[in-house]
Amino acid sequence: MNIQNLVNMANDMSNFFNSAAGEADAPREIASFITRHWDPRMRSQLIEHGKSGGEGLYPATAAAVKLLVPPGPRPA
Amino acid sequence: MQSLNLHDHGTPATVGASVTLDIDGAQVTVPAGTSVMRAATLAGGAIPKLCATDSLAAFGSCRLCLVEIEGQRGFPASCTTLVSPGMKVRTESEKLTSLRKGVVELYLSDHPEDCKECAAGTRCELHQVAQDLGVTEVRYGRDGANHQHSKVDESNPYFNFDPSACIVCSRCVRACGEVQGTFALTIDGRGFASRVVASQDEGFMDSECVSCGACVESCPTGALTEKSLMTLGQPEKVVTTTCAYCGVGCSFEAEVKDQQVVRMVPSRDGKANRGHACVKGRFAYGYATHADRITKPMIRSKITDPWREVSWDEAFKYAASEFRRIQAQYGRQSVGGITSSRCTNEEAFLVQKLVRAALGTNNVDTCARVCHSPTGYGLKHTLGESSGTQAFDSVMKTDVMLVIGANPTEGHPVFGSRMKRRLREGAKLIVADPREIDLVRSPHVQADYHLQLRPGTNVALINSIAHVVVTEGLVNEAFVAERCEPGPFQRWREFCALEKNSPEAMQAVTGVPAALVRGAARLYATGGNGAIYYGLGVTEHSQGSTMVLGIANLAMATGNIGREGVGVNPLRGQNNVQGACDMGSFPHELAGYRHLSDSVTRELFNGTWGVTIDSEPGLRIPNMLEAALDGSFKAMYVQGEDPAQSDPNTQHVTAALSSLECLVVQDLFLNETAKYAHVFFPGSSFLEKDGTFTNAERRISRVRKIMEPLAGLADWEATVGFAKALGYDMPYTHPSQIMDEIAHLTPAFTGVSYEKLDRLGSIQWPCNEAAPEGTPTMHVDEFVRGKGRFYVTEYVPTRERVNMRFPLILTTGRILSQYNVGAQTRRTANVEWYDEDRVEIHPHDAEERGVVDGDWIGVISRAGETVLRAAVTDRVQPGVVYTTFHFPESGANVITTDNSDWATNCPEYKVTAVQVVKVAQPSAWQKRFRQQNEQQLELLRAPGSHTAG
Ligand code: SF4
Ligand code: SF4
Ligand code: FES
């Protein structure tokens, strides 16, 4: 999927959680939000993007991406 | 004319202490404030009447309902005389009969002699009364001055006004004022010369009339009559059902003859609408039998191929084999489905079941994604339940209404009328909207505050209102201490108190003068029962979910939640938005908003469905489209939805749809999405099936079959057939069994059954052991989540900014006579009121661009360009343009962008930076659209294809 869209969506979350949860907790909240609401292929793509430098990710988002657990094997 | 099975008590019900009186020798007990007429009918009697009907306040003009009351002189009118303890009433006597006969004869002397021609037939109340009193001759003769040659007003497409049959009882005039709140009708002239006129005697169509039909229904004679009744004649039976248009969910008595609807009459005991309706629900049902209906299943292997008409069986087999082929080739997660807010609960439930159980993926979503998904997120997190908190009736106890980003008189007309009624009784009104909506200023209604904010600054506004509440000591401390989590509240309070959130600081952002914000905040917090009503102007923003949290924060902080008259009330766009969401249509939740990660719930579903549900969330609609473009999503089953028209950035959507290998569309018509489809399942309208809808107040109401499905199968049956072809059995024989399964699987529905719905009329969920008859008001003693939870809601400007190239903000909305993508209403006479989308532009912006009213203007955004006609009006503020989105060729969504709500991906329809220029021809997109449309219609007309016509 268009990685810029995924980056924007995740960054928008950090805009919310930075103030709603506080900067210390924001990464955990973002990671949990993505895990609970995103299709695994989107999560994987964001994790890969993080690994390859994470261009465009806000600090809290970048920290959240590091907390994301890659999806396990999907049923075929 | 009234409903066929109405028992009219003459005057409205009241509440009060019991009063016992004597009527014709029988003891009768009724609430204080009841009229003698109503008391008599409640006791089983009937007093002749003409100007009275129980939807209107007593008027006392016809003098037919006279009675004798012991100790009182003369013959008081029973409709205007209230009961009192020990009162002794006589409703029949020789004298009374003679007086009544005299009145009836007078009326008949100026009434058409030959009533056989009249569509009202035996249902004319004047003739019924005459018959009951035995009036056969008219002593005054019919030759005196009369109105028998008055011209019939046929201007309204749905009803006629024949002044010769009018008895000037004023019921229509009062219905238009009291019930509808439009005040379009008056009695012009005096005495014999008096007559009913619309506005300044302009005829109905050119007047302020909004064609709600309340006057037609209240008319006791055939003076105001539906054209359908004149054409089809008297009905044979009455079926109670629910409107399939907006989220008010009006209950109707459908009067039916030979499987055809003769009239739709709103149910007076319908709890959502209390006997009222709008031009869509009452009149605009003709789309159901429109010639454009497609009634045969069709398939084709490429979207450039002609459609081929096939049997249902072949269509199911083809669709199933394609889905299975695609899953085998691209993986299980390469397919998905969309449920519809226009279909029943049972149908939405089945589509998501098919996706999760038969296809084995959670790639299911619903059109609420693009309207109210932020409501679900915001209210669930603050209050604990993804729904509005009140019944519509609650508004009658509201003292201050705060209406944010909603236009009830256009989008939710029956509730809009209800609000107006309460406002006329003295409730206060605050409107927060970029436009001057009708509620801001209309007959006998004037908003106390209109906070005319810039589009996209809702959160800034709600924060500045909250600032006033927390800094001026307006927090309901006792409520918050008892009902809410202290830590989050404290953080919220400190945040709101920051100077940056003050109305003065935010004025530069919102454009709303600080003094107005302060006044409005004080009024909401201290004016008695404060209720918030909001619509898509709240949700369809990049901060839609944040705004819903902000609204809930404000209601909790002021203690405006948990009783009648207050609350947080999302006004849902489509009839079954609430229901489709409740049914587990979101990719991360099972029915009843339970997250997939909840293994206990998953196990319950696994056990019932005999499958193993994936625990990972699936794709949302915009994600499906993105995934289609990147090649990981290849097939989609779309029931009753039209993303090619309704979703933002049309060119992006159609590119995604074109890249699917199998698109199955189930709809009444070849909608825009179907033009990219490979399989077409012909849909069934609400008249053709059984089921339930859940309206904006969580009210579950029955939809009842009136005619056989034109395509042979109701929508739920088609889903069952498709599932079977996929190898998954859904052995239902009636939608009631689907509801039983929903009740078994969903805690808030455990007490719901068709039997109970038939008995109670409708039920507001939660309906379970704790609330066997449903729950009108939620969060009464505690919030569903336990303690209410406040959230800090920082204002973050949208990414969509105006600049030199795109200096104006485009925002969108809807109009009364049309409905959403217009697929239904465009195929009715409602186009006589509105036959094209126009762009409203402020005179200042228009002049700068040399644009005058009616000019063609190009509207250009970062996403695309379209051409529409200009409507120059100061209803919009300078810098803002506005359009509706009811006609596909308008391409309103060609210009909206991919921006969306951070939590739910609900598109930011309400804010698009645009430029507007005067042009002479359609946009390039529109030319392509017309060409493609023509091509697709050709493929439909190719031999072997078939429509209802
Ligand atoms: S149709 Fe409705 S708005 Fe029109 S005159 Fe009758 S009551 Fe008034
Ligand atoms: S469209 Fe809405 S307000 Fe109008 S009749 Fe239907 S449910 Fe009622
Ligand atoms: S019905 Fe009472 S005066 Fe007309």
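In the text below, chain A, chain B and the rest are named by the order of the sequence lines, each starting its count at 1.
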Within this structure, what is the [atom1]-[atom2] distance for the pair [X] and [Y], rounded to the nearest 0.5 Å?
X: Glu794(B); Y: Asn18(A); atom1: CD; atom2: CG; result: 9.5 Å
X: Gln333(B); Y: Arg41(A); atom1: CD; atom2: CZ; result: 6.0 Å
X: Met9(A); Y: Asn899(B); atom1: CE; atom2: CG; result: 12.0 Å

| query | Partners of Glu589(B) by side-chain hydrogen bond (donor to acceptor under 3.5 Å, both in side chains), sequence neighbours excluded? | reply | none
| request: Work out which heavy atom in Pro617(B) is nearest to a heavy atom in Trp38(A); give both atom names and the distance. | output: CG-O, 3.4 Å
| query | For Ala20(A) and Val792(B), which heavy atoms make the closest approach, and how far apart are they? | reply | CB-O, 3.6 Å
| remark: Most heavy-atom pairs under 4.5 Å with chain A, out of Asn363(B), Thr793(B), Asp614(B), Asn362(B), belong to Asp614(B)
Using only non-hydrogen atoms and a strict under-4.5 angstrom cutoff, which residues of [range] touch chain A?
range: residues 486-497 of chain B; value: none
range: residues 541-553 of chain B; value: Thr546(B), Leu549(B)
range: residues 618-632 of chain B; value: Gly618(B), Leu619(B), Arg620(B), Asn623(B), Glu626(B), Ala627(B), Asp630(B), Ser632(B)

| request: Fit a plane to each ring of Phe16(A) and Trp902(B), take the angle between them on a 0 to 90° scale, and name the class: parallel (under 30°), tilted (30 to 60°) or perpendicular (over 60°). | output: parallel
| field | Most chain B-contacting option - heavy-atom pairs closer than 4.5 Å, from Asn8(A), Asn2(A), Asn5(A) | value | Asn8(A)
| Which residue out of Met42(A), His37(A), Met13(A) racks up the most heavy-atom pairs below 4.5 Å with chain B? | His37(A)
| field | Heavy-atom proximity to chain A below 4.5 Å, by part of Tyr795(B) | value | neither
